[in-house]
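Scroll down for the structure; my scribbles are underneath it.
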Amino acid sequence: MVTDRKGAAAGERLFNFSPGPAVLPLEVLEEIRRDMLCLPGVGSSILEISHRSPAFDEILAETRRGIGGLLGVPDTHEIVFLQGGANLQFSMIPMNLLRGQSQPADFIVTGTWGAGAAKQAALEGSVAVSWDGKSCNYARLPEPGEMAASPQAAYVHLTSNETIQGVQWKQMPQTGDAPLVCDASSDFLSRPVDVSKMGLLYACAQKNAGIAGVTVVVIRKDLLQRSAASLPAMLSYKVHAEKDSRANTPPVFAIYVLSLVCRWIRDTYGDLDNLAAHNAAKAALLYESLDTSEGFYTGHAATACRSDMNVTFRLPSEELEKAFVAEAADEGLVDLQGHRSVGGIRASVYNAMPLAGVEKLRDFMTAFRQSHRSATGPSGTAGGNA
Ligand SMILES: Cc1ncc(COP(=O)(O)O)c(C=O)c1O
């Protein structure tokens, strides 16, 4: 699909609906630019200082304080900064938490990323899928009675927000004694989470919290004891926790950006409750556009499971979807094409997407529908191959 950014004038920032790496807060980009040559009081760039210097000690501590303060991470949990993206966690989690356990890991699969995580875990050990939404095209989440999760499971894994399909858990399911393991890659720091109920929460940073290169793992301290001594050091949570996330050179710049984003969230919204309300209001504008479109736009996710992060929908035909993406780009609204595996349209409206961008997209959707209305049937019902 066409996502032509060539028309952007020098210095002109477009409204970027990319699923990740994604839009960053302008204030954060400006701070990075301002301090790029020289961190205040340090005399060198963040790109030049040792990861064991006092200046980086402070950045690491501030990042931990930022995440810990926003999420309310209790003393029972450790915050670890890793590399390899969320994808590496698909393997590290079973290596650390499943190896040597007598019971399988349970997976609640609500989309492409959860399915990918289950596949990697099965390479390491025994996996039980307690629910898989594939037959409903990952358009909804399970009802409580539909999941056959075992309370004895080594852990229960789910994906809090499926980035590709746009379905999001509103409330975490009860998992009894089995530790809950949550891939929060695409809604991390976008809303409050009860970390005390989590065995392990992990997220890559490049959607809501910063740039690619760092993955945050928040792990219950007692689970660190499951990491076998025979694991390669770089794959062991225990080693990373003991070495204060500096078992090797960490992604210093990505951690620095994460600290700035945490500060921006605190300064702009105060806490995650306020930020979540703002995010929900942004997404609601787009869902309202779908619901009032008389069938021109068809949302993918069931209403109760709609994501506040990734709004996914189809148009009456693939031709119209291509035209939508191209005409939106002409208006400065870019990266709206759905994931290559599912097609359609996806508007990613993470923390840093300004309300003005969402309003402009909403207005564009109305105008586009009016100018292509003939594509729907006489009663307003969508025709074509949506
Ligand atoms: C929910 C979810 N999990 C995992 C990933 C993979 O992240 P990474 O590319 O950092 O490995 C993504 C990335 O899009 C995601 O959205």
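All ligand and atom numbering here is 1-based and tracks the order in the structure.
Close approach of ligand 1 to Asn87 (heavy-atom distance below 4.0 Å) involves ligand atoms 6 (C), 7 (O), 8 (P), 9 (O), 11 (O). Listed by atom number, the atoms of ligand 1 under 4.0 Å from Cys204 heavy atoms are 7 (O), 10 (O). Atoms of ligand 1 found under 4.0 Å from any heavy atom of Phe90, numbered from 1 in the order shown, are 4 (C). Of all atoms in ligand 1, numbered sequentially from 1 with element shown, those under 4.0 Å from a heavy atom of Gly85 are 10 (O), 11 (O).
Looking at heavy atoms from C-beta onward, Phe56 lies in side-chain contact with Val252 at the 4.5 angstrom threshold.
Salt bridge status for Glu31 with Arg263: present, with a side-chain N to carboxylate O gap under 4.0 Å. At a threshold of 4.0 Å, the pair Asp244-Arg52 does not count as salt-bridged, since none of the basic side-chain nitrogens sits closer than that to a carboxylate oxygen.
The aromatic rings of Phe324 and Phe368 lie perpendicular to each other, with more than 60° between the two planes, well past the 30° mark. Under the 30°/60° scheme for interplanar angles, the aromatic rings of His157 and Phe107 are found to lie parallel.
Here the protein heavy atom with the shortest distance to atom 10 (O) of ligand 1 is Gln206 NE2, 3.0 Å. Of the protein's non-hydrogen atoms, Asp183 OD2, 2.7 Å is the one closest to atom 3 (N) of ligand 1. Ranking the protein heavy atoms by distance from atom 16 (O) of ligand 1 puts Thr163 OG1, 2.4 Å first.
Under the 4.0 angstrom criterion for non-hydrogen atoms, Lys207 is in contact with ligand 1.
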Enumerate donor-acceptor pairs with a distance under 3.5 Å from any side-chain N or O in residues 68-81 to protein atoms, sequence neighbours excluded.
residue: His77; atom: NE2; partner: Val195; partner atom: O; Å: 3.2
residue: His77; atom: NE2; partner: Met198; partner atom: O; Å: 2.6

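Applying the 6.0 Å contact sphere to CD of Glu288 captures no more than 12 heavy atoms from other residues, nucleotides or ligands.
At under 3.5 Å, not a single nitrogen or oxygen of Asn161, backbone or side chain, sits near a nitrogen or oxygen of ligand 1. Considering backbone and side-chain atoms together, Thr159 places no N or O closer than 3.5 Å to any N or O of ligand 1. Residue Ala86 has at least one nitrogen or oxygen atom sitting less than 3.5 Å from a nitrogen or oxygen atom of ligand 1, judged on distance alone.
Scored by the side chain to side chain contact (heavy atoms under 4.5 Å, CB included) test, Ser348 finds Pro19, Asn310, Arg346, Tyr350 as partners (sequence neighbours excluded).
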